[in-house]
Structures are given as structure tokens and as C-alpha cells.
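Report on the following structure.
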Amino acid sequence: MSYPFKEIEKKWQNFWRENDLDKTKDDRKKKKYYILDMFPYPSGAGLHVGHLKGYIATDILARFKKMQGFNVLHPMGWDAFGLPAENYAIKNKVHPQKAVDENIKNFKDQISIIGLSYDWDREINTTDPNFYKWTQWIFTKIFEQGLALRSFEPVNWCPSCKTSLANEDVEMGKCERCGALIEKKPLAQWVLKITKYAERLLEDLKFVDWEESIVEQQKNWIGKSEGALIDFFVAGVKEKITIFTTRLDTIFGCTYIVLAPEHELISKLKIKNLEEINDYVQKAKIKTDIQRTAEEREKTGVEIKGIKAINPYTKKEIPIFVADYVLGSYGTGAIMAVPAHDERDFDFAKKHNLEIKQVINPEKGEIELPFIDDGVLNNSEKFNNLISQEARKKLLDFAIKNKFGKKEVFYKIKDWVFSRQRYWGEPIPLVFCENCANKIKNQKSKIKNEFNKGEILNPGWISLVEKDLPVELPKVDYYEPTGTGESPLANIKNWVLTKCPKCGGAARRETNTMPQWAGSSWYYLRYLDANNRKELVDKKKEKYWMPIDFYVGGAEHATRHLIYARFWHKFLYDIKKVSTIEPFKKFIHVGLVLAEDGRKMSKRWGNVVEPKKVADEFGADSCRLYEAFMGPFIQSIEWSNSGLRGCFRFLNRVWGLKDKISEKKIDDKKLVILLNQTIKKITEDVAAFKLNTAVAQLMAFVNELEKQKEISKKTFETLIKLLAPFTPHFSEEIWSFLGNKNTIFKENWPKYDKKFIEEKEITIVIQINGKLRGEIQTERGANEKKVLETALKNENILKYVKDKQAIKRKIYIQDKLLNLII
RNA sequence: GCGGGCGUAGCCAAAUUGGUAGAGGCGCACGGCUUAGGACCGUGUGGGGUAACCCGUGGGGGUUCGAGUCCUCCCGCCCGCACCA
């Protein structure tokens, strides 16, 4: 017979709801704890048990912290704008709004099965105009500060989703959402100047308590390189080519220069073989990123004939090439090539028979070209014999003194392409006004007073003010992407045509929408004050609740959401809307739950484990306990039905223990110690998010209780409290069975007594020459002499130690072991 | 190629940061209870050996009284980035 989990779970979920137990008040006398799950986008596929793992874990932590007396904020919402929702809607021929509403309902039903303690009064939805009003508001602030710019650079274009994408949305040259090959397409775009925040995004990582791997991923993504800009003059003309290098120490080995195909100078120079060059440039431009890498990094390129560059250090003339192994989008789009000390330059030089001049020697050992490490300079005139690091400084000083170079820092991170040519997103709250454009272009008025920074930088583009927000997404019947580079919104004339809020003249709305990442870049602030109609968040509430103490979500967001949100947060900090420089104090990623067959759970494989089925068969609490127990949280792990059954068995055994309760029973010393050790272990493990070992300890403790004939009520109550965060319904039921009227979650978390943590009688291990040969029982704190004497009474030890004289050395670790060297 | 992580019974895993390797779960075996069981309960469960003991944390080497833990080289796996000058 199993315990009646079905009735119990329903009963207590109703009880919690009816008594508002999951509602969080802004009780500022209490210490706060803000624990947050990344909010999901409500897909049509629904949830499987893997999605719940993170929610269960944070729920355990939230309930635990509540019992510890914290004021816990634990909210949930929906990230419902964006490509996934829209593509689903198109595929199923329903309006995105309808699809989203249905999917949210489905998600919410699935989530509520397992008894999560979210405060649903604070629920948010990024597609709700009351929410996205503030997403738009933040955008206008970013614009006003001159951090949103109209750009005409070629962008990543997904031919299947028919929209431009940010760099972060591209994976290995493919669309992160649909897998289509990304093309480069010139398109007018709004880009956000995240690069202005690159240094702070990098630097401030030292203030967050995140996993090493996530921090490293962000560092790599931001990709800071410190180096120098050096001017190479073009012989005989006034032009110069500025290159970026981090290896100025190798400059005497620079035997040619390479320009990226996109380099602007190519069109300005007098080139003898112009046709050949243009041909190469054209071919390079249409290559996709995939093609570039697919060619096994074969280094193609063409020499620009008729001109030479002058190495400012050697004064020698060197050839100039165009090659697509140099990227137009990084540095200056031009490099000095040092084939002896760079693999790519080496390959290229070999192929084109160019001079390879070695200028660095390894500090020790033989040299093998290309030698790319730091070393000692030679063939470098007066800089010979310097070590690389020192040489870089001195060579830079020389360049600065002679005015052909300076220090420079570059970042790999690109500005955030923020426009999507799609329907299902927040409209970008800008209008274009011809009249204002002319004003700015002609500098007719005192434009500094009349226009903000963004408006001056983007003539004609006027940002809406707060009272005009939100710009609501018009309800339409046709919303499929056009593919022309225009958003579907462009076809809605009466929406597009509007008045300029500045001059009242005719204006038209921006028809592109924001990317999926916009709402999620600040949503965590809205939970603090979800229904505020006047501002994004009340200052006092923000100050009380921020930063997020514990954030849990997918690792795939390391270089997407987690970077964007940090960027917006820092911006909000700069305009004094938030009080912390970082939003997420601690972040832990949730490991995948794979199906029992080791593959990802997917409808395609038919291996999806649905929460409802699990809850029907074994109950929500077994599911919760198992997901906590299955392994270390961040690790990906295979689902196991027998493992789940094991947890179910465990709960049934605890259920059975009720019959052994005795009011009179007094626990023996051993059990008291184990109980206190258990409290300590679980308290520490849950706080450290080591839920698997916490559950293991609960099991070990229950195994011990089962050996008892009777169990004291007090001990049993403590066990139930320890179990409560993991199995809330189960624990409430037993708690009330024990005669308690109120919810167990109003109880204080058990405290252990240090006095009862350590056993007085302990076992000391006796080693002979480092090998285990016996153990003895003694009092805690016994000294070496006493332990040795006791040990020498042990038969087994005596076999090895014939007499005391044989002991050459003794190593005694208090209360642990005695190692005798003979 | 670069960066991060990992490798412990048949499987998932634990090990207080250098001190009894394998807690806990699954599985398996035997026993009990059962008309029956893919249910439940109990006992056992790294390998070898009658035993004393020996061997054992991917492999080799090292430091140490003592190494899963530290150092070094190698092998394998996972994740991220990838012509970033």
C-alpha cells in the first residue's frame, strides 16, 4: 500500500492558495532573499520533467529560506515575444497572441502539478502592454543617451526566419532558432552600443559569484585584446594603413600587410591589377561564414600591385595583400603579417612564397616555425635581446614618440543588432520625421536644447515620450514575415502614419520590432513591483530586493541573455534607476535531464517524460525528491524510472514510521548525535545547493530510524521539517497528522546543537607504514600516548609491532589516525 | 587550435579540501510475504584468495608517513568559442 499522495497533494495545494501562503510582502524589517528562475518562453510542446528540475530546486531553496526566516521573493513569468512563439503560431496557423495565451495556460497547469511556491500575484508577461511599455521606455532612454544608432552595415540575415539577427543569435554560422544558414545582408538596422559597456561587463565579473565556466564564456565573448595601432604609410602617396597588433614585439618580422576585403582603402588606392582585386573582393563578400570555415582555412588572397607599404620601424617597403583571412569586422580590418610568428601568416606566406623573417627566439630549446610564443628578440636592431613583454612597451613608446602609433584596446563583442523584421515583438518606439530631419541637418535651431543626443545622432528619428507609451502592437490578421527586409507592420498604413511628437508634423513609425531578448533584459525588476502604472519599479522596492541573490537557468544563456541583461542593468544604473551595478549576484546553471535512452527528451524520439504522468503514478513529492536527488545540479543526467521509484519507496517508508511514534520515548545518545549531524548536513547542503547529498543524508537518517522500535515525536517532527522543502505536500500532511494546526512552512528551520554533533566515543584508525591494520575505540581528545598504548593491546597491531623499539616514527592526527612507521 | 570542465563498483554518484575509498540510490543475489508480481519487507553486494592478506578511483611518473584529492606527462569524454591579428 502506498500513501495517498493524490488526495494529499490536491488538499495542500488548495490550502496554500486559499491562505495566500505564497504571497510575498515587502516586509522590510526582514532580511530579503530574491531567488529567480529564468522565465520560460511558453512553447507549444509543453514542459517535461527536465524543465522542472530547475524550478524544483529553486522551490526547495525558497521554502528552506522561508523557514529560516527570510523574506523570500520567488516569482515566475513568461518570455512570450520573439521568434519561437511566432514561428510556432505561423506553423499552427493561430495568431501568436492566442497561441501564447494557450501555451501559458498549459505551462501553468503543468507547473502547478508539482507544488511550486511562486507568488502568482507578481506574474509578468513580456507581451502585456503594461509590461512592454517599460521595455520601450528603457529603449527610449538608451536612444536618448546616444546608445542606439542607425547602422547600414551588412547584418546576419536568416533566410528562413526572414529577419536580421544579432551575433549572439548565430551558432556556427547558423540561425540559433531554426538552423538555417546565415547570410550577410546590408540592411538599415538599429544597433545598441553594447561595446561602450564592454570594459565594465568584463571588469565587473569580479563582483559576481558565478561558475567559472560561465564567467570564462563571457570573458571570451567580450574578448578583450590590448595592443597597438601602428600606421604604415603607403609609399609615394599620402595614404596610410593603420593596423592593430597585440604582438608589436614581432614587428621587425613583418614582411607584408594584409587588408580585409571590406577595407575602405581598397577603393581609394591606385591599383594596377584593379580588376583582379575587385574580383577577389566580390567573391569574398558573398561567402557565408560557413563557407569561410569549410574551406579548411585555406588562405586565399591577392597582392595589390603598384603600391607598397613602409614598415615604420625598418623603413623597408613591403607588399600589400587583400585576403579574407583578415576580418573587416575586427580591429582596423588590416594587419601586419609576421609569418615567422603567426600560424595564419605562416600558412599564407608559404602559399605565396613570401619572406619569412624570424625575430623571436624561444627562451630555451630549439625553434620551430611558426613560433608563436613570447621569447627574446633578434633581427630587431636596437631592440635585440629584449624579452617580448618589455619589447612591446619600448616599441610602443618609440611609436608614440615618433607619432606613428598608439596604444589601443579592441573587443570581440559586437554592437547589438536590435531590429527584427518580424511582427511578434515590441514595436520600437521611434518615429521618423522629415521636418525634424531637415532642422537637424540644416542646424536651423538651437538643436542642442530641442533634440536629445540620439535624435542628433540619427537625424529625423524622434523618440516617443513616456506618455505616448506603450506603442501597442497592432492587431492584424496577416503577420507572416515579408522577407523583403521590411517588417509586416510596414503594411499597416494607418498605424505607420502618425504625427511627430516633437513638431506635430507628419511622421511614420519605425516598423521593425525588438528582438526576443529585450523583455528578458530587465524583467527581473518588474517582479518587484509588477503592477506599478507610474514607473518601471518603485525606488524603495528596488533598493530592498535587488540584487537577485540566486539565479538559475540554462547555460546556453551565458553569452546571450546574461550579457544583454547585464548591459541593460548597467545602463539603468547609470541613469539611476537601479542601485546595484550587477543584477545577478549568484548564478548556477541547470544541468540537462536526458531521457533514459541517453538522448535528449524530444517528441521526435518519443522519449519525453511528462510531469503529469509521473505525478499520477508516484505523486509530485516523489518527483520533486527524485529530481533533487538524481545527481549534482549542474550536471546533465539521465532520467531513471527506477530511481524515481526508489524515492517513492523512501516516502512510503517515512509514512510508515508514523506508527512508531511514542510521546515517551527518549532518544539514545547515538541517535541524538545522528539527528544533529543530519540537521547540520542538510542545512549546509541546501544552502550550497547540493541537494543530492542532502537527500542522501535524509535517507541515511531514516534508515537509522527504521531500526528503532519506537521513535520520539520530537525527532520525527524534526525529520518532517527537514523534509518539508523537498516534499511539501507530504510533509504538511504528516505535520497536521501530528496534531499541528498551522502550516509547516511557518515553522522555524531546525537548529543543531554543537554539543551533540560529535560523538564522545570515537574510532581511531591504526596504520602501519601507511596501511590500515586495525582500529581502536577511544575517547575523543585522547593523546598520542594513550592511543599508542591502546593500539599496542590490539592483536592485529601486535603482529606487526613486536616491540616498541621497532617504531621509527609516529604520525598522530588527533581523533583520526595513528600511523606507525616500522 | 584556444578556453572551461570531467574520468571513482554493473549504473547514477559520495568523500569534512591530503587522513578508514565507495555514504545514499538504482540494479543484482538470496530469504520472507504472497494465487501472482516489474508490489512490499529483510540480508548481502568492488575484484582475487580457504585464510592471513593482496589488488583497486582513465594510464605512466613524482612529492608525502599517507594521494581519488597536490605536481608532471599521456589517453579518453563533454561544453563553449573559433582565421579576433
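Note that this is a predicted model, so its numbers are computed, not measured.
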> Are OP1 or OP2 of B/G25 and a side-chain N or O of A/Asn703 less than 4.0 angstrom apart?
Replying inline: yes
>> Taking salt bridge (Lys or Arg N to Asp or Glu O under 4.0 Å) as the cut-off, I'd like each qualifying pair that reaches into residues 626-655 of chain A, sequence neighbours left out, listed once.
In response: A/Arg653-A/Glu706
> On a whole-Å scale, what distance lies between the C1' atoms belonging to B/U8 and B/A85?
Replying inline: 44 Å
>> Within the 4.0 Å heavy-atom criterion, would you say A/Lys771 contacts the bases, only the backbone, or no part of the nucleic acid?
In response: sugar-phosphate
> Below 4.0 angstrom from OP1 or OP2 of B/C2, is there any side-chain N or O of A/Lys412?
Replying inline: no
>> By the 4.0 Å heavy-atom rule, please label A/Ile821 as base, sugar-phosphate, or nothing.
In response: sugar-phosphate
>> Between A/Gln218 and A/Ala558 (side chain of the first, backbone of the second, donor and acceptor by atom type, cut-off under 3.5 Å), is there such a pair?
In response: yes
>> Between B/C28 and B/A9, how many Å separate the two C1' atoms, rounded to a whole number?
In response: 12 Å
> Between A/Glu171 and A/Arg177, is there a side-chain N and carboxylate O pair less than 4.0 Å apart?
Replying inline: no
>> Among A/Tyr197, A/Trp517, A/Tyr564, which residue satisfies the ring-ring contact (aromatic ring centres under 6.0 Å, His included) criterion with A/Trp416?
In response: A/Tyr564
> Does the cation-pi check pass for A/Lys219 over A/Trp221, that is, NZ or CZ under 6.0 Å from the six-membered ring centre and within 45° of its axis?
Replying inline: no
>> Determine whether A/Phe404 and A/Tyr313 satisfy the following criterion, ring-ring contact (aromatic ring centres under 6.0 Å, His included), listing intermediate values before the conclusion.
In response: CA-CA 10 Å; A/Phe404 63 80; A/Tyr313 289 88; 5.1 Å; yes
> With respect to the phosphate group of B/C65, does any side-chain polar atom (N or O) of A/Arg809 fall under 4.0 Å of OP1 or OP2?
Replying inline: yes
> Using atom P of each nucleotide, how far apart are B/A15 and B/C65 to the nearest Å?
Replying inline: 28 Å
> Which whole number of Å gives the distance between the C1' atom of B/C41 and that of B/C75?
Replying inline: 47 Å
>> Please report the distance, rounded to the nearest Å, between CD1 in A/Ile637 and C1' in B/G24.
In response: 13 Å
>> Which is more 5' along RNA chain B, the nucleotide nearest A/Lys224 or the one nearest A/Lys816? Just name the residue.
In response: A/Lys816
> With a 4.0 Å cut-off on heavy atoms, is A/Glu343 in touch with a base, just the backbone sugar-phosphate, or nothing at all?
Replying inline: nothing
> Rounded to the nearest Å, what distance is computed from the CE atom of residue A/Met699 to the P atom of nucleotide B/A14?
Replying inline: 14 Å
> Just by modelled atom types, is the A/Phe371 backbone N or O under 3.5 Å from a matching donor or acceptor in the A/His341 side chain?
Replying inline: yes
>> Less than 4.0 angstrom between a side-chain N/O of A/Tyr626 and OP1 or OP2 of B/G25, yes or no?
In response: no
> Where along nucleotides 29-36 of chain B does protein come under 4.0 Å, by heavy atom, of base (B) or sugar-phosphate alone (S), with - for untouched nucleotides?
Replying inline: --------
>> Would A/Lys53 pass as a cation-pi partner of A/Phe633, given that its NZ or CZ must be under 6.0 Å from the six-membered ring centre and within 45 degrees of the axis?
In response: yes
>> I want to check one thing: is the phosphate of B/A85, taken as OP1 and OP2, less than 4.0 Å away from some side-chain N or O of A/Ser225?
In response: yes
> Does any residue of residues 679-688 of chain A have a heavy atom under 4.0 Å from RNA chain B, and if so, which ones, in number order?
Replying inline: none
>> For the P atoms, the ones on B/A39 and on B/A29, what distance do you get once it is rounded to whole angstrom?
In response: 13 Å
> Contact class for A/Gly331 (heavy atom, under 4.0 Å): base, sugar-phosphate, or nothing?
Replying inline: nothing
> Is there a donor-acceptor pair closer than 3.5 Å between any side-chain N or O of A/Thr778 and the backbone N or O of A/Val787?
Replying inline: no
> How far, in whole Å, is B/C30 from B/G37 if one measures between their P atoms?
Replying inline: 14 Å
> Expressed in angstrom and rounded to an integer, what is the separation of A/Phe648 atom CZ from B/G24 atom C1'?
Replying inline: 20 Å
> So, is A/Asn692 near the phosphate of B/A14, with a side-chain N or O under 4.0 Å from OP1 or OP2?
Replying inline: yes
>> When the P atoms of B/U20 and B/A67 are compared, how many Å lie between them, rounded to an integer?
In response: 11 Å
> For A/Arg653, which contact category applies under a 4.0 Å heavy-atom criterion: base, sugar-phosphate, or nothing?
Replying inline: sugar-phosphate
> When A/Phe730 is tested against each of A/Tyr3, A/Phe5, A/Phe650, A/Phe648 for ring-ring contact (aromatic ring centres under 6.0 Å, His included), which residue passes?
Replying inline: A/Tyr3
> Expressed in whole Å, how much space separates the C1' atoms belonging to B/G19 and B/G32?
Replying inline: 42 Å
> Is the backbone of A/Gly554 close enough, under 3.5 Å, to the side chain of A/His589 for a donor and an acceptor to pair up by distance?
Replying inline: no
> Side-chain N or O of A/Arg649 less than 4.0 angstrom from OP1 or OP2 on B/G27?
Replying inline: yes
